[in-house]
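Okay, so here's the structure we're looking at.
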Amino acid sequence: SVKYCGYLKNSTKPFSSNWNSKYPKLMKLGRDITLWGLELGLLSMAKGELAWFIFVPKYAYGQMGCPPCIPPNTTVLFLVLLLDFIDSKESDAFLELTNEQRDTFPLQKVLKVATVEREFGNYFFNMQHFRIAKDRYKKALSILDRSPSSEAELKQINTSKVLLLLNLSLTYLRLERPDQALKYGERALELDQGNAKALFRCGQASLCLGEYSKSWDFLIRAQKIQPLDKNINKELEKLAR
């Protein structure tokens with residue numbers, strides 16, 4: 001996720017810019033970002049870093065330029081802000097495999113792929129693209145749908161699943177689908193009965209559905225686990241009103 005402005009030499013007006021975009025489009029290196037110098041520059045940057053780059057023609061638009069904006073053999077200047085990034089190399093490779101090949105993948109790599117998909121979901125959630133976020137969370141859940149070979153593996157898989165189920169519950173609340181929010185919150189509780197956040201989500205969803213007694217039960221259980229949590233207490237006040 002990048003903000004950038006591209007300038008010609010001795011020009012104060014950018015020939016290309018997305019600087020004023022509140023939520024810049026997520027771009028993939030080598031596909032959406034094809035300027036060689038910009039790709040190399042981004043690979044050298046840290047999250048949140050702001051940098052100036054000078055790209056000679058070899059690393060920019062070459063001998064031909066890019067008419068009519070970029071003349072031939074032009075050196076360009078780029079101001080770049082790296083907002084965030086997701087390393088999806090292993091995830092991309094995994095998703096190209098057949099189901100049979102995926103079953104032989106080591107669990108740690110599967111968990112990493114699911115985490116990458118959850119990060120994509122978080123990115124789209126933060127951009128308020130809730131439907132896309134929902135789909136990425138569900139995709140991550142499907143990746144974790146495999147039989148564990150031990151109790152330790154089951155615990156690791158369930159830990160990852162709970163995070164996704166909680167994300168789905170919140171996303172469905174944002175989509176004004178409290179029935180689905182409750183469904184995924186309860187699925188999280190099946191895997192972790194004492195999860196205060198899952199109880200809180202179920203309480204929120206039940207309140208939206210007008211199921212006040214059910215909401216009270218969930219929220220009181222959450223409060224017992226985290227008595228000083230402001231969000232839980234605010235929701236209880238809302239329910240009381």
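Sequence positions, counted from 1, serve as the residue numbers for this chain.
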Discussion item. According to a hydrophobic-cluster definition based on side-chain heavy atoms being under 4.5 Å apart (Ile, Leu, Val, Met, Phe, Trp, Tyr only), do I225 and L219 belong together?
Written reply: no
Item to complete: Search all heavy atoms of P178 against all heavy atoms of C208 and return the closest pair with its distance.
Response: CB-CB, 3.6 Å
Worksheet item: Going through the checks in order, is the salt bridge (charged side-chain N to carboxylate O under 4.0 Å, His left out) test met by D179 and K183?
Response: CA-CA 6 Å; D179 55 329; K183 170 187 166 182; over 6 Å; no
Practice prompt. Check step by step if side-chain contact (heavy atoms from CB on, under 4.5 Å) holds for Q156 and Q108.
Written response: CA-CA 9 Å; Q156 287 179 293; Q108 293 309 313; 2.9 Å; yes
Worksheet item: Would a 4.5 Å heavy-atom cut-off, applied to side chains only, mark Y23 and S1 as touching?
Response: no
Worksheet entry | Nearest non-hydrogen partners of A222 and A196, listed with the distance | CB-O, 3.8 Å
Worksheet item: Given the rule that I, L, V, M, F, W and Y join up when any side-chain heavy atoms are under 4.5 Å apart, are Y184 and L163 in one cluster?
Response: no
Discussion item. Can you confirm whether more than 12 heavy atoms, excluding those of L97, are under 6.0 Å from its CG atom?
Written reply: yes
Worksheet item: E39 side chain to G30 main-chain N or O, any donor-acceptor pair under 3.5 Å?
Response: yes
Worksheet entry | Nearest-0.5 Å distance that lies between atom OG in S44 and atom CD in E49 | 6.5 Å
Worksheet item: Is L207 linked to I232 within one hydrophobic cluster, defined over Ile, Leu, Val, Met, Phe, Trp and Tyr using a side-chain heavy-atom separation of less than 4.5 Å?
Response: yes
Worksheet entry | Ionic contact status for D135 with R131, cut-off 4.0 Å | no
Item to complete: Might you work through the side-chain contact (heavy atoms from CB on, under 4.5 Å) test for K134 and L168, ending with a clear yes or no?
Response: CA-CA 6 Å; K134 162 187 65 84; L168 277 165; 4.1 Å; yes
Worksheet item: Counting N and O atoms only, with roles assigned by atom type, does the side chain of N233 sit under 3.5 Å from a partner on the main chain of P227, one being a donor and the other an acceptor?
Response: yes
Worksheet entry | Sidechain-backbone polar pair: S215 side chain, E211 backbone, donor-acceptor under 3.5 Å | no
Discussion item. Does anything in residues 124-157 form a ring-ring contact (aromatic ring centres under 6.0 Å, His included)? List the pairs, not counting sequence neighbours.
Written reply: F125-F130
Worksheet entry | Smallest separation among heavy atoms of S169 and A181, with atom names | OG-O, 2.8 Å
Worksheet item: Are any of the side-chain heavy atoms of D192 and N158 separated by less than 4.5 Å?
Response: no
Worksheet, complete the sentence: Looking only at heavy atoms, the pair that brings D229 and N231 closest together is OD1-N, 3.0 Å
Response to the item:
Here the gap from R118 atom CZ to T115 atom OG1, rounded to the nearest 0.5 Å, amounts to 5.5 Å
Discussion item. In this structure, would L8 and L77 fall into the same cluster of hydrophobic residues linked by side-chain contacts under 4.5 Å?
Written reply: no
Practice prompt. First locate atom CD1 of I143, then atom NZ of K112, and finally report the distance between them rounded to the nearest 0.5 Å.
Written response: 13.5 Å
Discussion item. I'd like to know whether NZ of K25 has more than 12 heavy-atom contacts from other residues, nucleotides or ligands below 6.0 angstrom.
Written reply: no
Item to complete: Could you tell me which non-hydrogen atom of K58 sits nearest to which non-hydrogen atom of W36, and how far apart they are?
Response: O-CE3, 3.7 Å
Item to complete: Indicate the atoms forming the closest heavy-atom contact of L189 with N195, along with that distance.
Response: CD2-O, 3.9 Å
Worksheet entry | M64 with V56, same ILVMFWY side-chain cluster at under 4.5 Å | no
Fill in: Rounded distance (nearest 0.5 Å) linking atom CD of E90 with atom NZ of K109
5.0 Å
Fill in: Minimum side-chain heavy-atom gap L81-W19 below 4.5 Å
yes
Discussion item. Is any side-chain heavy atom of E117 closer than 4.5 Å to one of L95?
Written reply: yes
Practice prompt. Starting from the C-alpha separation in whole Å, work towards a yes-or-no answer on side-chain contact (heavy atoms from CB on, under 4.5 Å) for F218 and L182.
Written response: CA-CA 11 Å; F218 281 126; L182 180 59; 4.1 Å; yes
Practice prompt. Kindly state each residue pair satisfying ring-ring contact (aromatic ring centres under 6.0 Å, His included) with at least one member in residues 71-106, sequence neighbours excluded.
Written response: F15-F78, F55-F78, F94-F105
Discussion item. Does Q101 have more than 12 heavy atoms from other residues, nucleotides or ligands lying within 6.0 Å of its CD?
Written reply: yes
Discussion item. So for atom NZ, which belongs to K197, do other residues, nucleotides or ligands contribute more than 12 heavy atoms lying within a distance under 6.0 Å?
Written reply: no
Worksheet item: How far does CD of E96 sit from CZ of R102, to the nearest 0.5 angstrom?
Response: 10.0 Å
Discussion item. Is there a side-chain contact between Y7 and T12 in this structure, where contact means two heavy atoms from C-beta onward sitting under 4.5 Å apart?
Written reply: no
Worksheet item: Does some side-chain heavy atom of L79 sit less than 4.5 Å from a side-chain heavy atom of Y4?
Response: no
Discussion item. Please determine whether side-chain contact (heavy atoms from CB on, under 4.5 Å) holds for the pair L141 and L165, giving the CA-CA distance in whole Å, both sets of side-chain angles, and the decisive distance to 0.1 Å.
Written reply: CA-CA 8 Å; L141 263 183; L165 293 167; 3.8 Å; yes
Item to complete: Report yes if the side chains of L166 and L170 come closer than 4.5 Å at any heavy-atom pair, otherwise no.
Response: no
Item to complete: Flag the pair D87 / V116 as yes when at least one side-chain heavy-atom distance between them is below 4.5 Å, and no otherwise.
Response: no
Practice prompt. Kindly compute the distance separating NZ (K139) from CZ (R136), expressed to the nearest 0.5 Å.
Written response: 5.0 Å
